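Here is the structure we will look at.
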Amino acid sequence: MDVKKIEKKWQTIWEKDKIANFNPKNSDKKYYCLEMFSYPSGSKLHLGHWYNYGPTDSFVRYKKMKGFEVFQPMGFDAFGLPAENYAIKTGIHPKDSTLQNIANMEQTLREMGAMFDWNSEIITCNEDYYKWTQWLFLKLYEKGLAYRKEAPVNWCPDCKTVLANEQVVNGECERCGATVIKKDLTQWFFKITEYAEELLQGLDGLDWPEKTKLMQKNWIGKSTGGEITFTAESGDKFKVFTTRADTLFGVSYVVLAPEHPLVAKLTSPEQKKAVDAYVFETSKTKEIDRLSTAKEKTGVYIGHDAINPINGKKVPIFAADYVLYSYGTGAVMGVPSHDERDFAFAKKYGLPIQRVIKGSSPDVNDELPFVNDGVLVNSPGFDGLTSEEARKLIINKLVSLGCGEHKTNYRLRDWLVSRQRYWGAPIPMIHCDKCGTVPVPYSDLPVKLPYDVEFKPDGKSPLAKHEGFMNVKCPVCGAPARRDPDTLDTFVCSSWYFLRYPDSKNSKEPFNTEIINKMLPVDKYVGGAEHACMHLLYSRFVTKALRDMGYLNFDEPFKSLIHQGTILGPDGFKMSKSKGNVVAPDPYVNEYGSDVLRLYLMFGFSYVEGGPWSEDGIKAIVKFLDRIERLANKIVALDKNKKEQIGKDEKDLLYAVNYAIKNVDRDMENFSFNTAVARLMELLNNLTKYDGLEVKNTSVYKDSFSKLILLLAPFAPHFSEEIWEMLGNKYSIFNKPYPVCDESALVRDEVEVAVQINSKMKTKIVIANGLNEEQIKEILFADEKIGKELEGKQIKKLIIVPKRLINVIV
RNA sequence: GCCGAAGUGGUGAAAUUGGCAGACGCGCUGGACUCAAAAUCCAGUGGUAGCGAUACCGUGCGGGUUCAAGUCCCGCCUUCGGCACCA
């Protein structure tokens, strides 16, 4: 078979026939299958794209044959840092390189032979898309879900530029090697925390991998406790969050994050030098390192004390980097007796350690630091209470004193969406001296990203230097004003793209509510596990926010989710240009065709695991398809029916056919493609066996073979379409219904079961279905081997697992 | 460090969720066809011992629960994903 020719042939026919296009008339049978769209980082598809899109397309074709009206769109997440870096290096404009890459990738995606509905294509860097990304920003702003506050960024003092975490290598700027520091900038945030509780609760109802739900749950990080107000000697008040209010009497110090404004305010003149130095050191430290429990905790006394509201005791205030200003209140209380970290800190700085909890029973080892719940001691008014009771009562007491409240805290932070970069959607806001921060009127959208900018980093972001872009009239008062020079995080673009696909040409609104309420949620979302916490959480947030504004009526964007694994380099490491272990799909496509590569990816790996690339076995796929083709040729040339009846051979064949149908069907639903292909190979083996018979029931044989081709069609679409035609059938195999399992063909009168004696495998016997215990016993004693073993022994227990195993305990 | 996974023959991987470990392939060995090779077909293939029936061992390591553990529990080791400005 001339693979190249038939691929071309069927791709042309499919395209002409618009087989991949969604027909809105059938939207009651819709199946929206979405693969995470790609970043156009290079001009060619890499194996990862193939692995994501190939098998999923097979799944989609399977769904189509199952009678669904399938919607499988494709697009490009086209804004982002790499294109801008590339521009700085080469001088090629991000727009030019990105659009070129997209054109090339579209071409190779088409050659893959997947059923993408190109009518609905989205490119996020095009005006007709980012106009609506900006619309989304304005809507969130209107709803009070977008706001500005100061936040630290990575700052290279030499390049005078903001760096992405990726651009900071070992605390140094990747370009010039200068030590990177943290610097505060006013930034835009989305208030995702307002939805923390719903984002947490909503996880329960989702058909997602458990591990992904767990990761999101931990990311949201709900903890219940209280906020307690401490008063500094100066009179300044600050709050600490704690889940262990029961240990409040054991506080021997409090800690403020070094960035906390009170640190600068309260530090005594004697301590100023030490504190300033500490704060500066902290600005160079990465957050991950600050939070590391292995790193020795450091801190510095600021020369000022605070009052514990429960007992009026004076405790020293420290600045320490293990407290993050962005989490909780940016301040914690230190209870060395009942927290490991505080214990180590107190030892180091010679702070008092007083027990306030003891083990609830004498046999509990409650050596300090004792971090479990217990019974209160040394806590006047609360002694003898359990930790659980005390947490409630102590906070109640503080509430009555006006210096505490019950509080639920989330680790989840608000989403920082502004970027000091060029290649992104401009933030549609205007800063006016008189009117303050003013949104761009909807009628003025899109705020167009200018083409003619200077990329070279020189202390100002490219848009801030572009006077034509920056200068604008205030929409409120008409006075000269300045545009916001920042662009949106590309995660904003990808947080709503699935809403645009079903109505991608709409020029009046981002999407039509009626349409997307019909088309969503996405029935199956397929993409990498690396998005577990961020992209998937942001999309859920945006969906819920738009729901609350009345733009849609569903709560969750992705009903069901699958993560494909990663194909690693042959050396077992992640493919990367620098490691030189990148495997390109093109040579395989050229040599064997796209069906073979797709089928190999589906057969050779466990879909959710992935693994190191190896081409051993790709020839096996070629062989598999060749065997089918040879058999097809034989079948086409078959004589008339020589045999009418259904004998044992036919029964066996029909069993094999229906066994395959049943299992392939189930495996497809579970994205268990490798086992599905294995079942197809088994069926082929059975057909080959039948083919070897002298006398064949031709109609049973032909029919069985047709079923194999129907089952194979989603896996090898071009090949199967061609064989289907060879067999004299009408185009297209994908408009044929998927084979249905005939359960009656699977009923067998006898089953083989394993026999164990005292849990040791002894033998296998074939017995009739549905025997009772006595009948089985009889058979066991009658069996030559087992009977001998059981002779003279007493059966204590007989364990029967139907159709599987018999275990005799003697 | 924290959060989340994974570890099974020479090799890619299966195992109906506690019930015959290794389905289906690759590779290898032997055979058929051939002057020969390729291709194709047939048979075998976890390890050790044995001519053999068979016996013992075997799912990263060490314990445990159970009639029964790759699967559940406890403790380790190794590798991978994420950690909020890569997407």
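Bear in mind that the values here come from a model prediction, so they are computed numbers and not experimental data. Chain letters run A, B, ... following the sequence lines, proteins first and then strands; every chain starts at 1.
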Do the ring planes of Phe189(A) and Tyr147(A) sit parallel (below 30°), tilted (30 to 60°) or perpendicular (above 60°)? parallel

Say you pick atom C1' in G70(B) and the same atom in G9(B); how far apart are they, in whole Å? 14 Å

Can you measure Phe603(A) atom CZ to A13(B) atom C1' for me and round it to whole angstrom units? 8 Å

When you compare the side chains of Arg413(A) and Thr193(A), does any donor N or O come within less than 3.5 Å of an acceptor on the partner? no

Indicate, with a heavy-atom threshold strictly under 4.0 Å, whether Thr763(A) touches base, sugar-phosphate, or nothing. nothing

Taking any heavy-atom pair under 4.0 Å as a contact, classify Glu174(A): base, sugar-phosphate, or nothing. nothing

Canonical and wobble pairing (Watson-Crick, G-U, under 3.5 Å) of RNA chain B, dot-bracket with |: (((((((..(((......[....)))((((((.......))))))((((....))))..(((((..]....))))))))))))....

Taking any heavy-atom pair under 4.0 Å as a contact, classify Ala620(A): base, sugar-phosphate, or nothing. sugar-phosphate

For Phe573(A), does the CZ atom have more than 12 heavy-atom neighbours from other residues, nucleotides or ligands under 6.0 Å away? no

Taking donor-acceptor contacts at under 3.5 Å, does the side chain of Asp489(A) reach the base of C85(B)? no

Which pair of non-hydrogen atoms, one from Tyr655(A) and one from Leu746(A), has the smallest distance, and what is that distance? CE1-O, 3.5 Å

Regarding C20(B), can its base be found pairing with the side chain of Lys764(A) as donor and acceptor, where the two atoms are less than 3.5 Å apart? yes

Could you tell me whether Glu750(A) atom CD has more than 12 heavy atoms of other residues or ligands within 6.0 Å of it? yes

Will you find, in the side chains of Gln187(A) and Gln420(A), an N or O donor that is under 3.5 Å from an N or O acceptor? yes

note: Glu35(A), atom CD; A87(B), atom P; distance rounded to Å ~ 22 Å

Side chains of Tyr53(A) and Ser38(A) only: does a donor on one sit below 3.5 Å from an acceptor on the other? yes

Whole Å only: how far is the CZ atom of Arg413(A) from the C1' atom of A84(B)? 6 Å

Report yes if at least one side-chain N or O of Ser614(A) is closer than 4.0 Å to OP1 or OP2 of U11(B); otherwise report no. no

Identify whether any heavy atom of Asp626(A) sits under 4.0 Å from a base atom; if not, whether one sits that close to sugar-phosphate; answer base, sugar-phosphate or nothing. nothing

Distance in angstrom units between Lys619(A) NZ and C26(B) C1', rounded: 12 Å

At 4.0 Å (heavy atoms only), tell me whether Ile809(A) reaches a base, stays on the sugar-phosphate, or touches nothing. sugar-phosphate

So, does Thr490(A) get its side chain near the phosphate of A87(B), meaning an N or O under 4.0 Å from OP1 or OP2? yes

Starting at CZ of Phe624(A) and ending at P of G12(B), how long is that distance when rounded to a whole Å? 22 Å

Would you check if the side chain of Tyr600(A) reaches a backbone N or O of Asp616(A) as a donor-acceptor pair within less than 3.5 Å? yes

Looking only at heavy atoms, which two atoms of Leu597(A) and Pro585(A) are closest? And how far apart? CD2-CB, 3.8 Å

Nearest-Å distance, CG (Leu81(A)) to P (A84(B))? 15 Å

Whole-Å distance between C41(B) P and Lys689(A) NZ? 16 Å

Atom pair distance, as rounded to whole Å: CD in Gln216(A) and C1' in A5(B): 16 Å

With heavy atoms under 4.0 Å as the rule, sort Arg411(A) into base, sugar-phosphate or nothing. base

With C1' as the reference atom in both, quote the distance from G60(B) to U45(B) in angstrom, rounded to an integer. 25 Å

Return yes if a side-chain donor-acceptor contact under 3.5 Å exists between Arg627(A) and Asn685(A), otherwise no. yes

Using a distance-only test with no angle check, is there a side-chain donor-acceptor pair under 3.5 angstrom linking Trp496(A) and Tyr538(A)? no

Base, sugar-phosphate, or nothing: which does Gly692(A) touch, judged by heavy atoms less than 4.0 Å apart? nothing

Does C24(B) have OP1 or OP2 under 4.0 Å away from a side-chain N or O of Asn674(A)? no

Once hydrogens and angles are ignored, does a donor-acceptor distance under 3.5 Å link the base of C85(B) to the side chain of Gln420(A)? yes

Heavy atoms under 4.0 Å, any strand shown: does Val677(A) hit a base, just sugar-phosphate, or nothing? nothing

Would you say C41(B) has OP1 or OP2 under 4.0 Å from some side-chain N or O of Arg627(A)? yes

Please tell me which of Leu412(A) and Asn685(A) maps to the more 5' nucleotide of RNA chain B, matching each residue to the nucleotide holding its nearest heavy atom. Asn685(A)

Syn or anti for G31(B), taking syn as within 90° of 0? anti

Any side-chain N or O of Asn807(A) less than 4.0 Å from the OP1 or OP2 oxygen of C20(B)? no

Side-chain donor-acceptor pair present, Ser495(A), His535(A), cut-off under 3.5 Å: no

Tell me whether the side-chain N or O atoms of Arg679(A) pair up with the base of C24(B) as donor and acceptor below 3.5 Å, since no angle test is needed here. no

Taking atom NZ of Lys149(A) as the centre, report whether more than 12 heavy atoms of other residues, nucleotides or ligands fall under 6.0 Å from it. yes

Lys623(A) near the nucleic acid: base, sugar-phosphate alone, or nothing, with a heavy-atom cut-off under 4.0 Å? sugar-phosphate

With syn defined as a glycosidic angle within 90° of 0 and anti as the rest, where does U17(B) land? syn

If I pick the P atom on C26(B) and the same atom on C3(B), what distance separates them, to the nearest angstrom? 44 Å

Check whether any side-chain N or O of Lys760(A) sits under 4.0 Å from OP1 or OP2 of A68(B), and answer yes or no. no

Between Asp616(A) and Gln167(A), name the one whose nearest nucleotide on RNA chain B is closer to the 5' end. Asp616(A)

C1' atoms of C41(B) and U54(B), separation to the nearest Å: 33 Å

Describe the nucleic acid contact of Ile621(A) in one word from base, sugar-phosphate, nothing, applying a heavy-atom distance below 4.0 Å. nothing

Pairwise N/O distances under 3.5 Å, protein to nucleotides 69-75 of chain B:
none

Heavy atoms under 4.0 Å, any strand shown: does Trp219(A) hit a base, just sugar-phosphate, or nothing? base

Classify Glu530(A) by what it touches in the nucleic acid, base, sugar-phosphate, or nothing, heavy-atom distance under 4.0 Å. base

